[in-house]
There are 6 protein chains.
Amino acid sequence: MKTVVVRNIQRAEAAACKILAGLGVSTSHEALGRSGLMKPYMRPIWPGAAICGPAVTIMAQPGDNWMIHVAIEQCKPGDVLVVGCTADNTDGMFGDLLATSAKARGVQGLIIDAGCRDVAVLKEMGFPVWSKAISAKGTVKATLGAVNIPVVCAGVNVIPGDAIVADDDGVVVIPRKLAAEVAAKGQKREADELAKREKLGSGILGLDMYNMREPLEKAGLVYVDNPEDV
Amino acid sequence: MKTVVVRNIQRAEAAACKILAGLGVSTSHEALGRSGLMKPYMRPIWPGAAICGPAVTIMAQPGDNWMIHVAIEQCKPGDVLVVGCTADNTDGMFGDLLATSAKARGVQGLIIDAGCRDVAVLKEMGFPVWSKAISAKGTVKATLGAVNIPVVCAGVNVIPGDAIVADDDGVVVIPRKLAAEVAAKGQKREADELAKREKLGSGILGLDMYNMREPLEKAGLVYVDNPEDV
Amino acid sequence: MKTVVVRNIQRAEAAACKILAGLGVSTSHEALGRSGLMKPYMRPIWPGAAICGPAVTIMAQPGDNWMIHVAIEQCKPGDVLVVGCTADNTDGMFGDLLATSAKARGVQGLIIDAGCRDVAVLKEMGFPVWSKAISAKGTVKATLGAVNIPVVCAGVNVIPGDAIVADDDGVVVIPRKLAAEVAAKGQKREADELAKREKLGSGILGLDMYNMREPLEKAGLVYVDNPEDV
Amino acid sequence: MKTVVVRNIQRAEAAACKILAGLGVSTSHEALGRSGLMKPYMRPIWPGAAICGPAVTIMAQPGDNWMIHVAIEQCKPGDVLVVGCTADNTDGMFGDLLATSAKARGVQGLIIDAGCRDVAVLKEMGFPVWSKAISAKGTVKATLGAVNIPVVCAGVNVIPGDAIVADDDGVVVIPRKLAAEVAAKGQKREADELAKREKLGSGILGLDMYNMREPLEKAGLVYVDNPEDV
Amino acid sequence: MKTVVVRNIQRAEAAACKILAGLGVSTSHEALGRSGLMKPYMRPIWPGAAICGPAVTIMAQPGDNWMIHVAIEQCKPGDVLVVGCTADNTDGMFGDLLATSAKARGVQGLIIDAGCRDVAVLKEMGFPVWSKAISAKGTVKATLGAVNIPVVCAGVNVIPGDAIVADDDGVVVIPRKLAAEVAAKGQKREADELAKREKLGSGILGLDMYNMREPLEKAGLVYVDNPEDV
Amino acid sequence: MKTVVVRNIQRAEAAACKILAGLGVSTSHEALGRSGLMKPYMRPIWPGAAICGPAVTIMAQPGDNWMIHVAIEQCKPGDVLVVGCTADNTDGMFGDLLATSAKARGVQGLIIDAGCRDVAVLKEMGFPVWSKAISAKGTVKATLGAVNIPVVCAGVNVIPGDAIVADDDGVVVIPRKLAAEVAAKGQKREADELAKREKLGSGILGLDMYNMREPLEKAGLVYVDNPEDV
């Protein structure tokens, strides 16, 4: 890993990000073709937030948050900080001071494949974090990492500028160039689902709405009347 | 596994289920003799729900929610869907569309040994889910499973029609034929606990209320005054 | 392990505990020199509680809560119960009856390296618990352990009387003799952080406030303009 | 759970078990239709054993091996002991004394959803064990369980007398009545695989041998020459 | 994810791979600057293998090994197959038939962020596999993935053609363009370590050999004679 | 934590350690009264070693092995190094160079609540290690810890000089002052077990040898002839 900071990155468009934030993680993930999803151990430290913004990426050493300070200078309003680590770690690399600094720069939130602390204060501040753990473990500022290089975070490779969508369902990474296309597909999907939801809500079965009866029968599904008939 | 759907199952009685829902998981589990409890990784996606109803069971392939659609047709008002998987899985096999459909059929809630998504919407809808994970990972409809056969869910074998009690403490499975008996025992237990709670609340010690001092002494418990005496 | 109960322990001073409760886990942990933190799997069963009090310790056998009854008699108002186990365990060793009894004795809360149940009631009662798991699994009263001997709980050795600080960030153990000193250091740290928070909130970068630019450069950090330059 | 011991169970036929032991876990599992597999955390304590025999089942309390002593009396030569627990547990419930006793009764091996100890001696004795953990943690003989009732072990419901196949790939449960049929299907599968192995070993591709090219194309797989073409 | 197969990839040079295989994972990882290491849950299914070769990458759906068949056609002698999954999975996606086919094509080994089966046979064949799990769970051939696109495997982003070094210490990924440079640095490191090993073996302390005494003192390390002096 | 090195510690007697090594972990743990056992995630990196020696303890920062170098100077022949960490960590803090140095000082082995690397070389050298993980992740020498203070390692508090017994069953800590007594009790236990093993090997049941039939009946165990009778 080169210990480098990249100053200029191309960011996913704000318009697409706004749409994606409204669509949420599950719809965006489907619209992308069911990829880009971070592992489900990434959970919000408080419920209800829903954001999308371009990634400013950080490759950090475990237990060392030096690079987060470095990264904040590179942030623009609307950005989302994404922290990957060179090894598994749950230490509390981010707390209320860093959140105050990030918020002052207009950062929307943080995605960190490690720990976070001061969670009661962060909730009060309304600063959303998705993390692997909540831990007060203090960290050092001793070893370099990098900022705005590709980093793997919770199982997904994140390129600086990618659109990061995060809500109560988790976190999904939309490649920058596909953000607008995925947003459009997601909107279409959402519209389709509205109609489906109404039908299902009125009691129409998925079996009928999706025409599943025939393929199920073809696949060999058998109906019997009683447990004894199995 | 036979790829079969059983249409007619015998359901735990509604009266017993109503009582069990009021008693909750811990009391029902004790009244059953301390068995039937699902593993503690099964957690509610939102707090505060407390339900009990007969199980409609689903054996699903990991990452495939086809059988949930099939199962919903077999549900009656008050039923609880219980999904087991043929292998460990955290994918989001259930979301708001399925919840809408299930709710329209009167399903009380879902117990799934896999993932769930759209959790913010499900909370809004008031549809309770106990799951192993929250994950937006999309699933397919490609491989058959079965409906209303016995399934292992989170470490417990569930027979279709068993009474499923679920609240913030987790999920317990009461065999159908024992539901009324367990409900009665649980009510008695609850009444007993009321009296105990009052005594304990007034400052009487469990040591005295349960007459533990003698058995403790017999078992060899020794009191010393100071750490140096150990 | 000797099956013993120690009656008289020296407790961390109430004045120091009060300050530490206000400072919270992260600040107390830093003021102690970044040690004493329990593993991050210890989570509050409901959010928002923040306590500090002297430890009454319990060494329990897995699935056996006999010693908790014994320990409650040894508690004084303001104490915090700390339960370690001789082996990994998630059973629900503590519920609403024990909480009622503990509360009647003035116990502030419970830290248990095992499971807890009746969590909805405990929340209602305002009795805070930090545990490894939530589980309704019933326990027995069959095997002796000990009370007020040193116990390892979630990776930390706790001496009876140590100050236990717990909040939404987790649990930290402050050695009894250091409680006042750590409280003082923590207050100073908090005061320092207030000033820092204001600066950071006004947009001053941590890079500048902490004078990091020079050490970063010395350590070899390089800035480039574009991804192609890496 | 009734605290009961069932004396007479119907056992999977020895002839079928012999064949299944030879086929191994993966082939038996496929021949059963890809079900019945215990969770992959079940690992042999030493490599190289491969057994199959009818299950004598034990439902045990965590940390209590009383019922294993009870069960050994019910064993016949060729049986396999299967232990499920009422809660997650890794204590060392089985060691060299129990193995000596079991071996004297002709028991082939042990499957335990908990811990095992004296593993160096067991290896020397040639007594195979598949367990969740290796742990020296001593256990008690205090609480009843049951013998020869259905038990869930590592995610699978085991009926007494079912054929248990275990080798370096894990453990699979074949329902007693299907043992002969699965053995026959497995033999056929093995024969088929022999021919396939030869073809594949000669360099013929699975793509061609299984005629996958057409379905892959239909499903939308595209070949490009270079990374830039993606 | 595009469902695509890339036919021509640039491979890490054979000469560099040969050196890296000899150096092993720990030395290669250090020579790369302490990055590129897969998570430690990746373990060899049998001990003693040590390989290095260019990656042919596979992005697979959980429980689906269709793409592995597709990938084998793209392999050249010396290649290493690397499988990432779109979601957490432990199913046995690779067994003796695929190993036979891969071996016939000259593939050196497999790295799979999922399960593997037939491990006794694979050991006998001398075909090395590093996997997340051993599981007999059968898989399907139903959903497309991709071959020779970048994939995240066990926390590391792997570009097709990267040099994969694997031995009993785990798996490290060396970017293709750096393979020769890292091999050279690793050889130098190994030579340096030889001298160090001799010194340390003769009883010279690391404290002296590395001149640590002064920096330790500066950092504040204090020596006391007895525990009472702490 | 004070950053201190204690030079003179009192060590468990060599004679007792020799006996304990022969008895092994399970017997020593029982003779101590079923306590002192490290968590079962501590596994030997190669099978067959069985050691016992006095602990030289190290409190290390995660990912930092500086203190291990410091500790080796404090070792005497026969000692066992025991490393605890201030936070969860799997990095490879110990490899062949440190092992060479430790071996030259007569150190018998290492117990580390973190990772270990160069495992193939360590096996070749015959240097035994019990660790939480195998990982090549390189570490730094940047932050102080302490040597020969009490440390928690894998759930057990270790006082410098305590007798550490380790074999294929795991690791147990015997308090220094109890080492001789536990060794004597363990020898008696082993002698008793010899007689028991012979009886059990001859086919006598544990039920009879331990006179369990009466207590089982009293506890309520019921025998029935057939499954239908349950």
Side-chain angles (χ1 to χ4, degrees), chain A residues 2-10 45-46 63 65-74 90-92 95-106 115-123 125 131-150 159-161, chain C residues 24-44 47-50 165-172 192-210 212-213 215-230:
Chain A
K2 292 216 178 119
T3 54
V4 73
V5 180
V6 177
R7 280 201 190 94
N8 302 317
I9 59 168
Q10 289 189 279
I45 59 167
W46 49 270
N65 68 359
W66 215 7
M67 286 302 111
I68 304 182
H69 287 278
V70 173
I72 287 175
E73 187 180 28
Q74 306 306 321
T90 58
D91 297 353
D96 66 340
L97 287 184
L98 274 167
T100 302
S101 183
K103 206 178 171 183
R105 304 289 289 190
C116 172
R117 67 182 188 181
D118 302 326
V119 295
V121 180
L122 297 189
K123 188 179 174 180
M125 289 172 60
S131 71
K132 184 181 179 177
I134 292 170
S135 167
K137 181 68 173 71
T139 49
V140 295
K141 289 160 188 52
T143 315
L144 293 186
V147 172
N148 278 335
I149 64 164
I159 311 292
Chain C
V25 169
S26 293
T27 299
S28 303
H29 159 71
E30 289 283 349
L32 180 62
R34 292 185 186 157
S35 60
L37 193 70
M38 290 193 186
K39 290 192 186 289
Y41 64 67
M42 295 297 284
R43 299 298 306 143
V165 193
D167 64 16
D168 288 357
D169 280 354
V171 185
V172 68
D192 289 356
E193 289 205 342
L194 198 66
K196 284 181 193 165
R197 195 173 294 110
E198 267 173 38
K199 279 192 194 170
L200 293 169
S202 76
I204 294 174
L205 287 167
L207 286 179
D208 297 313
M209 191 177 77
Y210 297 111
M212 288 175 175
R213 294 190 191 274
L216 283 166
E217 196 185 344
K218 261 194 188 165
L221 190 66
V222 175
Y223 285 78
V224 301
D225 280 340
N226 297 303
E228 300 80 53
D229 307 332
V230 176

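Values below: every heavy atom of this structure, side chains too, minus hydrogens, waters and symmetry copies. Note that the structure is predicted; figures quoted are calculated from it, not measured. Chain letters run A, B, ... following the sequence lines, proteins first, then strands; residues in each count from 1.
Proximity to chain C (any heavy atom under 4.5 Å) is shown, for T143(A), by neither the backbone nor the side chain. Contacts between L221(C) and chain A at a heavy-atom distance below 4.5 Å involve backbone atoms as well as side-chain atoms. Residue V121(A) does not touch chain C at all, counting heavy-atom pairs closer than 4.5 Å. At a 4.5 Å heavy-atom cutoff, the contact between Q74(A) and chain C is made by side-chain atoms alone. Contacts between Y41(C) and chain A at a heavy-atom distance below 4.5 Å are absent for every atom of the residue. For chain C, no part of N148(A) is nearby; none of its heavy atoms comes within less than 4.5 Å. In this structure, chain C has heavy atoms under 4.5 Å from both the backbone and the side chain of L97(A).
Between L216(C) and the choices M67(A), K141(A), H69(A), the side chain to side chain contact (heavy atoms under 4.5 Å, CB included) rule is met once, by M67(A).
The nearest pair of heavy atoms linking G201(C) to A104(A) is O-CB, 3.5 Å. Pairing each heavy atom of V6(A) with each of P227(C), the nearest pair is CG1-N, 3.5 Å.
With contacts defined as side-chain heavy-atom distances shorter than 4.5 Å, the pair V5(A)/V224(C) does not qualify. T100(A) is not listed as a side-chain neighbour of K199(C), based on a closest heavy-atom distance of 4.5 Å or more. Residues K2(A) and V222(C) form no side-chain contact, since every pair of their non-hydrogen atoms from C-beta on lies 4.5 Å or further apart.
We find that R117(A) and D169(C) are not joined by a salt bridge, their nearest charged nitrogen and carboxylate oxygen being 4.0 Å or further apart. Taking 4.0 Å as the cut-off between side-chain N and carboxylate O, E30(C) and K137(A) do not count as a salt-bridged pair.
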